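Atom set for the values below is all heavy atoms of this structure, side chains included, hydrogens, waters and symmetry mates excluded. Just so it is clear, the model here is predicted, and its values are computed rather than measured.
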Amino acid sequence: MPLVTITVRKPKSAEFKAGILDAVHAALVSSGVPATDKFQRVIELDAEDFRYDPGYPDLKSARSDNFVLIEILWSVGRSVKIKRKLLEELMATLSGQGLNTEEVMVCFKETTWENWSFGGGRLIHV
């Protein structure tokens with residue numbers, strides 16, 4: 001069960017946020033995540049609450065107020081090959097939406113199955 005968190009600077013339109021969420025979900029599904037496994041959130045912050053370096057580490061163009069931080073928390077076990085495929089598909093989709101992919105940072109965070117309770121306090125994978 002991936003938990004997707006998108007962090008952006010205010011203000012962003014509903015279409016902008018939905019486009020990113022839909023692109024991430026499509027890439028996750030393409031990588032083997034069930035289509036109904038959708039747990040997503042958007043955090044929209046004021047500039048003073050969301051700071052980032054415009055060029056770190058070696059971007060081809062500087063980050064602007066359209067910088068998007070995508071965090072994907074999921075269970076351990078995905079290979080680098082799967083992550084690369086997901087990133088390629090995601091960047092292609094976002095680029096097709098007109099987003100400069102140099103402004104998109106993706107962070108994969110992995111946790112073991114015993115750290116998930118999908119509901120009712122049950123640890124179903126222990």
Output, in order, the C-alpha distance, side-chain angles, deciding distance and verdict of side chain to side chain contact (heavy atoms under 4.5 Å, CB included) for Ser61 and Asn100.
CA-CA 9 Å; Ser61 61; Asn100 175 3; 2.9 Å; yes

Intermediate values then yes/no, side-chain hydrogen bond (donor to acceptor under 3.5 Å, both in side chains), Ser117 and Arg122
CA-CA 5 Å; Ser117 172; Arg122 294 178 299 281; over 6 Å; no

Trace of the side chain to side chain contact (heavy atoms under 4.5 Å, CB included) decision for Trp113 with Leu123:
CA-CA 8 Å; Trp113 279 100; Leu123 296 174; over 6 Å; no

Start with the C-alpha gap between Glu71 and Thr7, add the side-chain angles, then the distance that decides, and say whether side chain to side chain contact (heavy atoms under 4.5 Å, CB included) holds.
CA-CA 8 Å; Glu71 299 171 83; Thr7 306; 4.1 Å; yes

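Annotation for Arg63 and Asp53: closest pair NH1-O, 2.7 Å, computed over non-hydrogen atoms. Nearest heavy atoms, Pro2 versus Asp37: CD-OD2, 3.5 Å. The two atoms that bring Leu86 and Ser31 nearest to each other are CD1-OG, 3.9 Å, heavy atoms only. The two residues Gly19 and Leu94 make their nearest non-hydrogen contact at O-CD2, 4.4 Å.
Heavy-atom contacts from other residues, nucleotides or ligands closer than 6.0 Å to CE of Met91 number more than 12.
Separation of atoms NZ (Lys109) and OG (Ser75) is listed at 13.5 Å; rounding is to 0.5 Å. Distance check, rounded to the nearest 0.5 Å: NZ of Lys85 to OG of Ser79 gives 10.5 Å. Distance check: Ile72 CD1 to Cys107 SG gives 9.0 Å after rounding to the nearest 0.5 Å.
Considering only residues two or more places apart in sequence or on other chains, Phe16 meets the ring-ring contact (aromatic ring centres under 6.0 Å, His included) condition with none of them. With sequence neighbours left out, the ring-ring contact (aromatic ring centres under 6.0 Å, His included) criterion links Phe39 to no other residue.
Tested against Glu44 for a salt bridge (Lys or Arg N to Asp or Glu O under 4.0 Å), the candidates Lys12, Lys17, Arg9 yield a single pass: Lys17.
A continuous path of hydrophobic side-chain contacts links Ile20 to Val33 [ILVMFWY only; heavy atoms under 4.5 Å]. Connection of Leu28 to Val42 is established within a shared hydrophobic cluster, with ILVMFWY side chains joined at heavy-atom distances below 4.5 Å, either directly or through further cluster members. With hydrophobic clusters built from ILVMFWY side chains whose heavy atoms lie under 4.5 angstrom apart, Leu87 shares a cluster with Leu99. Met105 and Ile6 are not part of a single hydrophobic cluster, where members link through side-chain heavy atoms under 4.5 Å apart. Linking ILVMFWY residues whenever their side-chain heavy atoms come closer than 4.5 Å, directly or via other members, places Phe108 and Leu21 in the same cluster.
Proximity of a side-chain donor or acceptor of His25 to a complementary backbone N or O of Lys38 within less than 3.5 Å is not detected. Using a distance-only test at 3.5 Å, with no hydrogens or angles considered, a donor-acceptor pair links the side chain of Glu103 to the main chain of Ser64. Under the 3.5 Å distance criterion, the side-chain polar atoms of Ser30 are left unmatched by any main-chain donor or acceptor of Ala26.
Taking the six-membered ring where the residue is Trp, Tyr52 and Phe67 present tilted rings, their angle falling between 30° and 60°. Trp116 and Phe118 have parallel rings, their planes meeting at less than 30° on a 0 to 90° scale where 60° marks the start of perpendicular.
With salt bridges taken as basic N to acidic carboxylate O contacts below 4.0 Å, one links Glu110 and Lys83.
Side-chain contact check for Leu69 versus Phe50: some heavy-atom pair is nearer than 4.5 Å. Using a 4.5 Å heavy-atom cutoff, the side chains of Val24 and Ile70 are in contact.
Apart from Leu59 itself, the hydrophobic cluster it occupies contains nothing, where clustering links Ile, Leu, Val, Met, Phe, Trp and Tyr at side-chain heavy-atom distances under 4.5 Å.
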